[in-house]
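Here the structure comes first, spelled out in structure tokens, and everything after it is commentary.
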Amino acid sequence: MAEDLGLYVPPAARIGDPLQRVGTPSLVLDLDAFEFNIERMAALAAAHGIALRPHAKAHKSTAIAAAQLAAGAVGVCCQKLSEVYPFVRQGIRDIHLSNEVVGADKMAMAAELARHARLSICADHVAQIDALGAAAAQAGTRITVLPEVDIGQGRCGVTGSDELMALVERIARYGSLRFGGLQAYHGGIQHLATWNERRDAALRSAEKAAQHVRHLEARGIACSVVTGGGTGTVEFDVESGVFTEVQPGSYVFMDGHYGSNEWGGTLKLQHSLFIATTVMSTAKHGMAVCDVGLKGVAVDSGLPRVRPGDDDALRYTAANDEHGILRIADGDEDDGDVRDRLGERLMLIPGHCDPTANLYRQYVCYRGDTVEALWDIDASGLSR
Ligand code: PLP
Ligand code: MN
């Protein structure tokens with residue numbers, strides 16, 4: 001055994017610290033903007049009498065889920081069973097897994113979780129239902145199953161009404177299962193750039209969900225829940241007359257990609273999530289190198305943007321593992337001499353919040369210029 005040297009990485013931030021002193025890279029949360037977003041989405045759902053079940057995969061944090069519940073959310077969605085554990089441990093007991101699961105290890109997890117929470121899970125094959133039914137029966141618990149219908153994404157979910165009926169009938173065979181309604185989500189339309197394109201696509205998808213509901217109703221089966229929708233379509237989904245519940249996730253943060261789209265409604269969400277970074281090398285003319293690269297920001301939906309007003313001459317142009325390349329815009333008054341920018345601190349707006357949050361273990365939450373709270377990202381990395 002090596003000697004314990006008491007040698008630990010110092011914390012990036014302490015409550016009460018000035019924001020300027022937070023160690024970088026850090027994932028930071030502007031609490032004013034965050035609270036604004038939480039309130040706006042809660043008010044939108046409440047105004048339409050629609051249940052709000054935010055997707056926790058966006059933030060993976062029980063502290064944020066607690067804030068959403070305090071604002072009126074009925075529960076949360078998770079995408080993976082392992083992700084559910086920290087939420088249940090923290091007392092969040094109404095969780096919808098908006099996804100399919102297969103395999104003995106998953107069934108054991110589902111049955112265990114269902115003993116502690118009101119758990120619902122999606123299915124699009126009778127074999128998933130058989131496995132869930134057997135696992136729940138063996139554990140002496142009950143799992144709610146929501147068949148997933150494909151409303152245009154072309155990923156998971158059944159398309160035909162006979163296929164759907166077969167799933168509903170299969171669920172009814174098991175005393176350990178309960179038919180909970182329908183999961184109907186189209187991720188591909190969430191990021192359509194213009195408001196009108198998004199509205200038309202959302203209406204088409206909602207109509208597909210409505211057809212399934214009508215078909216089941218004609219056979220005497222009521223769908224008490226139709227759940228779906230994300231940040232991009234939520235304003236249309238709450239008015240659709242089909243969805244009883246919406247499951248937006250990214251709205252709490254409003255990432256760069258969502259922010260670049262057109263918002264024609266009243267929601268007007270604000271960027272609340274940033275990555276604090278420092279320029280740590282200026283050795284090359286016309287280029288500043290910062291300490292946030294691929295390990296500090298997801299780039300699948302575009303490179304991060306420097307927050308407007310921080311240093312408008314710098315543009316983030318490439319991400320290496322731990323280096324971010326910032327190019328100086330043509331026509332900058334310093335003519336490409338960046339040396340005086342060494343040590344400059346910037347806030348980056350991540351292109352895609354979900355995979356970015358999953359890279360960190362805590363949110364450094366600030367109000368104004370001061371660190372107010374440190375929130376664990378307790379489901380970070382949990383993707384089984
Ligand atoms: N519901 C499901 C099933 C999802 O997969 C997602 C995200 O991909 C969401 C809801 C939330 O979407 P968003 O973060 O765009 O609001
Ligand atoms: Mn996303």
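When a ligand or atom number is given, it counts from 1 through the structure's own listing order.
Each of the following atoms of ligand 1 lies closer than 4.0 Å to a heavy atom of Gly230: 12 (O), 16 (O). Ligand 1 places these atoms under 4.0 Å from at least one heavy atom of Gln183: 3 (C).
The Mn ion (ligand 2) does not have Cys353 among its coordinating residues (no N/O/S atom, backbone or side chain, under 2.8 Å). Not one N, O or S atom of Asp255 sits under 2.8 Å from the Mn ion (ligand 2).
Contact annotation for Gln247 and ligand 1: heavy atoms of both the backbone and the side chain come within less than 4.0 Å of the ligand.
Across every non-hydrogen atom of Leu303 and Thr317, the tightest pair is CD1-O, 3.3 Å. The minimum heavy-atom distance linking His257 with Ser260 is given by the pair O-OG, 2.7 Å.
Close N/O approach between Gly249 and ligand 1 is found [any backbone or side-chain N/O within under 3.5 Å]. When only interatomic distances are considered, the shortest N/O to N/O separation between Ser250 and ligand 1 falls below 3.5 Å. The shortest N or O to N or O distance between Gln190 and ligand 1 is not under 3.5 Å.
Looking only at heavy atoms of the protein, atom 5 (O) of ligand 1 is closest to Gln79 NE2, 2.9 Å. Residue, atom and distance of the protein heavy atom nearest to atom 12 (O) of ligand 1 are Tyr185 OH, 3.3 Å. Among all non-hydrogen protein atoms, the one lying nearest atom 16 (O) of ligand 1 is Thr231 OG1, 2.6 Å. Residue, atom and distance of the protein heavy atom nearest to atom 15 (O) of ligand 1 are Tyr258 OH, 2.6 Å.
Among His96, Lys57, His186, the residue whose heavy atom sits closest to atom 7 (C) of ligand 1 is Lys57.
In this structure the side chain of Thr244 never reaches within 4.5 angstrom of the side chain of Thr227, judged on heavy atoms.
Atoms CD1 and CG, on Ile95 and Leu113 in that order, are 7.5 Å from each other to the nearest 0.5 Å.
Phe274 has its ring centre no less than 6.0 Å from the ring centre of Phe253. Ring to ring, Trp195 and Phe236 are close: their centroids are under 6.0 angstrom apart.
Restricting Asp354 to its N/O/S atoms, the shortest distance to the Mn ion (ligand 2) is reached by OD1.
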